[in-house]
Amino acid sequence: MQNCCDINALKQKALLVRQEILELTNMAGSGHPGGSLSAVEILVALYDCQLRHDPKNPRWPGRDMVIISKGHVSPVVYSVLANAGYFSKDEYKKYRKLGGILQGHVTTKTPGVEFNTGSLGHGLAVANGLAIGAKLLKKDQKMYCLMGDGEIQEGSVWEAAMSAAQFKLDNVCAIVDYNKVQENGMVNDIMNLEPLKAKWESFGWVVAEIDGNKIEEVLKAYQDFGKINAGKPYVIIANTIKGKGVSFMELKSAWHGKAPNNEQLAAALKELS
Ligand SMILES: Cc1ncc(C[n+]2csc(CCOP(=O)(O)OP(=O)(O)O)c2C)c(N)n1
């Protein structure tokens with residue numbers, strides 16, 4: 001387990017991760033910056049302050065596990081993992097290249113990635129299975145699952161939500177990156193999720209609803225996990241902004257799956273700094 005839970009240090013880390021998301025997608029000429037930028041604080045706080053893990057020994061049997069169910073947000077995942085020490089940043093050069101360990105959607109080729117994802121809607125069921133396994137083996141392990149708001153329109157997510165409550169999986173923490181935008185437009189226009197908190201509660205979950213781009217709120221939500229949800233699964237509804245930090249990307253579905261060109265990269269980095 002590693003920790004640097006100083007708020008200013010975490011904010012600096014978040015800034016660095018945002019810069020790397022933009023650089024990685026620019027270098028590859030493709031990728032998913034929008035839903036990566038929204039999830040920065042969620043993953044920085046998780047890996048730096050909450051998770052029991054050992055980047056030098058990614059398969060340590062006692063570790064907590066993270067399933068990146070919205071597997072297209074590989075830029076934020078790779079930046080957070082590299083900065084945690086799972087692998088060298090030299091690998092960035094081969095992002096989205098054949099033969100590299102950093103593929104466009106996350107795979108277990110990458111140290112620190114637990115499960116191949118990309119086809120949306122499956123991660124929560126996987127986290128549930130891991131959580132049941134940990135309970136059967138009487139291991140104190142926690143399972144985290146990051147999902148998108150467009151993703152949770154999938155029916156399979158709600159089957160998994162039901163079963164987590166049925167099996168009393170209080171070692172599962174789902175995180176919904178509620179950035180309000182999916183691939184082709186606004187979530188509310190395509191398939192409205194509201195009332196989202198009441199939906200999860202009615203499925204038997206304990207819900208924390210927060211501003212997911214405020215590191216202090218994200219930390220508090222993680223700290224409550226395991227304390228206030230005895231016998232029930234826990235979900236963090238993280239209200240975020242798609243494209244957070246880059247004004248011309250914010251809340252624009254056009255930046256869901258498009259890389260910035262050199263000019264756009266320069267403008268974005270200038271704004272972030
Ligand atoms: C089953 C499935 N259907 C469609 C896609 C194509 N797809 C990739 S990302 C995406 C939008 C996801 O939206 P959201 O979950 O809100 O992601 P975020 O905004 O956080 O990036 C879609 C439809 C997919 N990967 N899997």
Side-chain angles (χ1 to χ4, degrees), residues 14 17-18 20-22 24-25 28 30-46 66-80 95-96 103-108 113 115-127 144-161 173-194 196-197 199-200 209-213 218 235-260 268:
V17 169
R18 286 203 160 86
E20 291 188 358
I21 289 168
L22 296 163
L24 274 166
T25 48
S30 60
H32 294 84
S36 291
L37 290 166
S38 60
V40 169
E41 284 79 9
I42 294 169
L43 291 183
V44 166
L46 180 59
V66 183
I67 304 298
I68 305 291
S69 194
K70 56 169 204 164
H72 56 281
V73 294
S74 58
V76 64
V77 175
Y78 297 154
S79 174
V80 168
Y95 174 53
R96 284 185 158 252
Q103 291 301 301
H105 290 64
V106 301
T107 76
T108 53
V113 172
F115 196 75
N116 295 359
T117 48
S119 181
L120 297 165
H122 300 298
L124 189 56
V126 174
Y144 297 84
C145 177
L146 176 65
M147 294 181 286
D149 48 8
E151 175 180 9
I152 68 167
Q153 295 160 346
E154 296 274 3
S156 53
V157 171
W158 298 98
E159 294 176 34
C173 174
I175 307 137
V176 179
D177 182 0
Y178 198 4
N179 62 26
K180 317 296 184 297
V181 181
Q182 54 190 97
E183 189 173 15
N184 298 314
M186 303 301 287
V187 171
N188 279 356
D189 295 334
I190 293 168
M191 184 69 77
N192 184 13
L193 300 171
E194 292 298 335
L196 189 57
K197 184 168 189 262
K199 274 198 181 86
W200 282 99
E209 186 164 17
I210 59 163
D211 181 333
N213 291 133
V218 180
V235 59
I236 300 172
I237 299 177
N239 288 292
T240 61
I241 293 177
K242 191 148 175 165
K244 172 75 180 173
V246 181
S247 56
F248 60 87
M249 291 187 176
E250 286 191 358
L251 290 172
K252 302 252 174 23
S253 63
W255 288 100
H256 169 80
K258 184 175 77 169

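Both counts, for ligands and for their atoms, begin at 1 and track the order of listing.
Nearest protein neighbour of atom 21 (O) of ligand 1, counting heavy atoms only, is H72 NE2, 2.7 Å. The nearest heavy-atom contact from the protein to atom 14 (P) of ligand 1 is G150 N, 3.5 Å. Atom 20 (O) of ligand 1 has K70 NZ, 2.7 Å as its closest protein atom, hydrogens excluded (heavy atom only). In terms of protein heavy-atom proximity, atom 19 (O) of ligand 1 is closest to K242 NZ, 2.6 Å. Given atom 13 (O) of ligand 1, the protein heavy atom at minimum distance is Q182 CB, 3.6 Å. Protein heavy atom in closest approach to atom 5 (C) of ligand 1: L120 CD1, 4.0 Å. Closest protein heavy atom to atom 15 (O) of ligand 1: E151 N, 2.8 Å. Atom 16 (O) of ligand 1 has as its closest protein heavy atom D149 OD1, 2.6 Å.
For the pair L196/I152, a side-chain contact is recorded, criterion being any heavy-atom separation below 4.5 Å from C-beta on. Counting only heavy atoms from C-beta outward, the side chains of I68 and V113 never approach each other to under 4.5 Å. Residues N184 and S253 have side chains not in contact (no heavy-atom distance under 4.5 Å, counting atoms from C-beta outward). Between L22 and M249, the closest side-chain pair of non-hydrogen atoms falls below 4.5 Å. Inter-residue side-chain proximity for N239 and K180 is flagged as met; some heavy-atom pair is nearer than 4.5 Å. Put simply, the side chain of Y78 does not reach to within 4.5 Å of the side chain of I21, judged on heavy atoms.
Here the shortest heavy-atom distance to atom 25 (N) of ligand 1, taken over A39, G34, G35, G118, belongs to G118.
If you number the atoms of ligand 1 from 1 as listed, the ones under 4.0 Å from a heavy atom of S119 come out as 1 (C), 26 (N). Near V181, the atoms of ligand 1 lying under 4.0 angstrom from a non-hydrogen atom of the residue are 16 (O), 19 (O). Below 4.0 Å from some heavy atom of G148 lie the following atoms of ligand 1, by number and element: 15 (O).
Under 4.0 Å from ligand 1, the heavy atoms of H256 that appear belong solely to its side chain. Here E183 has heavy atoms under 4.0 Å from ligand 1 in both its backbone and its side chain. Within the 4.0 Å heavy-atom criterion, the part of E154 lying near ligand 1 is the side chain and not the backbone. Only side-chain heavy atoms of N179 come within less than 4.0 Å of ligand 1; its backbone N, CA, C and O stay farther off.
Under the side-chain hydrogen bond (donor to acceptor under 3.5 Å, both in side chains) test applied with T240, the options D211, D177, D149 reduce to a single match, D177.
Other residues, nucleotides and ligands place more than 12 heavy atoms under 6.0 Å from the CE atom of M186.
Ring pair H72/H256 is tilted by interplanar angle, where 30° to 60° counts as tilted.
For W255, the ring-ring contact (aromatic ring centres under 6.0 Å, His included) partners at least two apart in sequence or on another chain are F248.
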